[in-house]
2 protein chains.
Amino acid sequence: MNVGELARTVDTKAETIRYYERIGLLPEPPRTSGNYRDYSARHVSRLSFIRRARDLGFSIEQIRVLLDLADQKEQSCAAVDAIARAHLADVKRKLADLTALRRELDSLIGQCRHGTVAECRILEALAP
Amino acid sequence: MNVGELARTVDTKAETIRYYERIGLLPEPPRTSGNYRDYSARHVSRLSFIRRARDLGFSIEQIRVLLDLADQKEQSCAAVDAIARAHLADVKRKLADLTALRRELDSLIGQCRHGTVAECRILEALAP
DNA sequence: TATAAACCTTGTAGCCACTACAGGGTCAAG
DNA sequence: CTTGACCCTGTAGTGGCTACAAGGTTTATA
C-alpha cells in the first residue's frame, strides 16, 4: 500500500503522513524497488489511532506518549487516564473562554443600530 | 512614551508591539535622538483597540479591516456588523465542536476501569 | 566620572500541525 | 512510447506571536 492509498484509507493527506514520519510519529515503512513507501496493516492502525486522537484534540506530544504507553501492556493505565483528563480540563477551559466570548460578541452585535461608522456601537465597544 | 512604557500601559509585550508595527497594523512612531520609538496617545488608543479585538478573538486581518472602516466615519457600519457576525458564527462553530469533544472525552474517561494498559478502554476507543 | 543595570535596537529563528509548492522520478494505460 | 497520474525530497509558508543574540542608549549609583 503506497502513501496515496494509505491517505485515502485513513482520510488524511499524503503530506501529513510524510510529516508524521518525519517527526517520528509513524514508523518508516519499507520501500519498493521504485523507492515508494510500502505500508502494512500495522501502519494503517497506527495512523488511524493518531488521526482519531488528533480529531479528539490531543497534541502530537500527547499522542506520542499514548502510543508509547499502549505498547506497555502490563503497566497500569493511570498515565493514559491522566493524559485524557488533562486534555479534558483543557477543553473545558477553552469552552468557558469561548462561552464568555460568545456572550460578549452577542451583546456587541445586539447594540448595532445599523447607522454610520461614526456612531457604530461595535467600534465604540472596541475603542478604549 | 517608549515601547516598554506602551507595553505596560496596554498590557502587551514589547515584542508584540514591534510585531504589529512590522506587519503594518500599528503605524511606525517617530524616533528619539537615540533611535527609540516615541509613541503618542493615538498609538495607545490604536493598540488598545487591537488588543481588545484580539481578546475577542478577531483575527489580525479582521482587525486590519475594522481599523480601516473606523476611519471612514460617513460609511454605513454594515461592514463592521458583518465582520462581527462572521466572527460570532465562527465562535459558535468552535463551541459546538468543543462541546461534542467534551462529551466524547467525558465518555472516554468514564469508561476507564483503572486496570492495566492491556484492558484500557481509552486506548481501545482510540484504536481502530 | 566610571560603571553597571535596565532598558532599547535589529534581525533571525522557533513554536504548532500541518500545507503547498518545485523539480524531479516511477508506473500503468492506451 | 507517450501521457498523465502518481510518487520522491526538500524547502517555505501559515498565524500570532515569542525568544533569543549581539549590539546601542539611558539612568542610577559609587
Side-chain angles (χ1 to χ4, degrees), chain A residues 1-26 28-39 43 46-67 83 86-87 90-91 93-94 97 101, chain B residues 1-26 28-39 43 46-67 83 86-87 90-91 94 97-98 101:
Chain A
M1 180 184 263
N2 68 28
V3 77
E5 288 162 343
L6 178 58
R8 279 186 294 278
T9 302
V10 297
D11 195 23
T12 299
K13 302 203 172 168
E15 283 97 339
T16 304
I17 296 172
R18 286 190 285 253
Y19 167 71
Y20 288 159
E21 180 181 321
R22 201 162 61 244
I23 64 171
L25 199 60
L26 195 62
E28 290 184 37
R31 300 293 181 113
T32 66
S33 57
N35 199 32
Y36 282 20
R37 285 171 179 82
D38 189 19
Y39 294 102
H43 289 97
R46 188 159 172 123
L47 182 55
S48 301
F49 183 101
I50 295 169
R51 291 310 297 185
R52 173 101 180 97
R54 284 296 299 133
D55 284 348
L56 287 171
F58 287 96
S59 74
I60 296 280
E61 287 318 300
Q62 286 175 323
I63 294 170
R64 213 185 279 280
V65 178
L66 287 176
L67 284 167
I83 291 175
H87 180 44
D90 214 63
V91 167
R93 247 192 318 276
K94 281 183 185 145
D97 288 354
L101 205 58
Chain B
M1 179 184 266
N2 69 26
V3 77
E5 289 162 342
L6 178 58
R8 279 186 294 278
T9 302
V10 297
D11 195 25
T12 299
K13 302 202 168 167
E15 283 97 337
T16 303
I17 295 173
R18 286 190 286 253
Y19 167 72
Y20 289 158
E21 179 182 321
R22 202 163 59 246
I23 64 171
L25 199 59
L26 195 63
E28 289 184 39
R31 300 294 182 113
T32 65
S33 56
N35 200 32
Y36 282 19
R37 285 170 179 80
D38 188 19
Y39 294 101
H43 290 98
R46 188 158 172 125
L47 182 55
S48 302
F49 183 102
I50 294 169
R51 293 309 299 185
R52 173 102 181 98
R54 285 294 300 134
D55 284 348
L56 288 171
F58 287 97
S59 73
I60 297 278
E61 285 318 301
Q62 285 175 324
I63 295 170
R64 214 186 278 280
V65 177
L66 286 176
L67 283 167
I83 289 175
H87 181 44
D90 216 61
V91 168
K94 281 182 184 144
D97 288 354
L98 272 185
L101 206 57

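Quick caveat: nothing in here was measured; it's all calculated off a predicted structure. Reminder, nothing fancy here: chain letters follow the sequence lines and each chain counts from 1.
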Colleague: What's the closest nucleotide to the B:Thr16 side chain, out of C:dC27, C:dT9, D:dT18?
Modeller: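 The answer is D:dT18, which lies nearest to the side chain.
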
Colleague: Would you name the heavy atoms of B:Arg54 and B:Tyr20 that are closest together and state the gap between them?
Modeller: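 It is CG-OH, 3.8 Å.
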
Colleague: Would you say the side chain of B:Asp55 lies within less than 4.5 Å of the side chain of A:Leu101, judging by non-hydrogen atoms?
Modeller: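 A side-chain contact under 4.5 Å is absent here.
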
Colleague: If only side-chain N and O atoms of A:Arg31 are considered, is one of them under 4.0 Å from the OP1 or OP2 phosphate oxygen of D:dT9?
Modeller: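 For D:dT9, OP1 or OP2 has a side-chain N or O of A:Arg31 closer than 4.0 Å.
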
Colleague: In whole Å, I'd like the distance from the CG atom of A:Asn35 to the P atom of D:dC6.
Modeller: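 From A:Asn35 CG to D:dC6 P: 19 Å.
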
Colleague: Output the rounded distance in Å from CG (A:Leu47) to P (C:dC18).
Modeller: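 So the CG-P distance, A:Leu47 to C:dC18, works out to 11 Å.
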
Colleague: For the residue pair B:Leu26 and B:Arg46, establish whether any side-chain heavy-atom pair is separated by less than 4.5 Å.
Modeller: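 Touching, per the 4.5 Å side-chain cut-off.
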
Colleague: What is the distance from CD1 of A:Ile17 to C1' of C:dA17, rounded to the nearest Å?
Modeller: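 Result: 15 Å.
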
Colleague: Between D:dA19 and B:Lys13, is there an OP1 or OP2 to side-chain N/O distance shorter than 4.0 Å?
Modeller: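 Yes, because at least one side-chain N or O of B:Lys13 sits under 4.0 Å from OP1 or OP2 of D:dA19.
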
Colleague: Taking for each residue the nucleotide of DNA chain D with the nearest heavy atom, is it B:Arg51 or B:Gly34 whose nucleotide lies nearer the 5' end?
Modeller: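 Nearest-nucleotide comparison on DNA chain D picks B:Arg51.
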
Colleague: Starting at CZ of A:Phe58 and ending at C1' of C:dA17, how long is that distance when rounded to a whole Å?
Modeller: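 From A:Phe58 CZ to C:dA17 C1': 17 Å.
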
Colleague: Are B:Asp97 and B:Lys94 within salt-bridge range, i.e. N to O under 4.0 Å?
Modeller: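 No, this pair does not count.
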
Colleague: In whole Å, what is the span from the CD atom of A:Glu5 to the P atom of D:dC8?
Modeller: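 Computing the A:Glu5:CD to D:dC8:P distance gives 11 Å.
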
Colleague: Give a yes/no answer on whether the side chain of A:Asn2 brings an N or O atom under 4.0 Å of OP1 or OP2 in D:dC7.
Modeller: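 Checking D:dC7 against A:Asn2, a side-chain N or O does come within under 4.0 Å of OP1 or OP2.
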
Colleague: What nucleotide, of C:dA20, C:dC18, D:dC17, holds the atom closest to the side chain of A:Arg54?
Modeller: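 Shortest atom-to-atom distance from the side chain points to C:dC18.
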
Colleague: Once hydrogens and angles are ignored, does a donor-acceptor distance under 3.5 Å link the base of D:dG16 to the side chain of B:Tyr20?
Modeller: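 Absent.
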
Colleague: For C:dT9, take OP1 and OP2 only and decide whether either is under 4.0 Å from a side-chain N or O of B:Arg22.
Modeller: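 Negative; the distance criterion is not met.
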
Colleague: Check the phosphate of C:dT10 against B:Arg18, side-chain N and O only, distance under 4.0 Å to OP1 or OP2. Yes or no?
Modeller: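 For C:dT10, neither OP1 nor OP2 has a side-chain N or O of B:Arg18 closer than 4.0 Å.
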
Colleague: Taking 4.0 angstrom as the limit, do B:Arg64 and B:Glu61 come out as a salt bridge?
Modeller: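 Yes, this pair counts.
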
Colleague: Quick check on C:dT10: is either OP1 or OP2 less than 4.0 Å from any side-chain nitrogen or oxygen of B:Arg37?
Modeller: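 Yes, B:Arg37 has a side-chain N/O under 4.0 Å of OP1/OP2 on C:dT10.
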
Colleague: Does this structure show an ion pair linking A:Arg37 with A:Glu21, if we count only N-O contacts that are shorter than 4.0 Å?
Modeller: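 Here A:Arg37 pairs with A:Glu21 in a salt bridge, since their nearest N and O are under 4.0 Å apart.
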
Colleague: Measure the distance from CD1 on B:Ile23 to C1' on D:dT18 and round it to the nearest whole Å.
Modeller: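 The distance from CD1 of B:Ile23 to C1' of D:dT18 comes to 14 Å, rounded to the nearest Å.
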
Colleague: Can you measure B:Leu25 atom CG to D:dG16 atom P for me and round it to whole angstrom units?
Modeller: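 After rounding, the reported distance stands at 10 Å.
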
Colleague: Regarding A:Ser59, tell me which of base, sugar-phosphate or nothing describes its non-hydrogen contacts under 4.0 Å with the strands shown.
Modeller: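 Here A:Ser59 touches the backbone only, sparing every base.
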
Colleague: Reading DNA chain C from 5' onward, which residue's closest nucleotide shows up sooner: A:Tyr19 or B:Glu15?
Modeller: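 Its nearest nucleotide lies further toward 5', so the answer is B:Glu15.
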
Colleague: Looking at the base of C:dG25, is there any donor atom on it, or on the side chain of A:Tyr36, that sits under 3.5 Å from an acceptor on the other one?
Modeller: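 Present.
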
Colleague: Report the distance from atom CD1 of B:Ile60 to atom C1' of D:dT18, rounded to the nearest whole Å.
Modeller: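 The distance from CD1 of B:Ile60 to C1' of D:dT18 comes to 14 Å, rounded to the nearest Å.
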
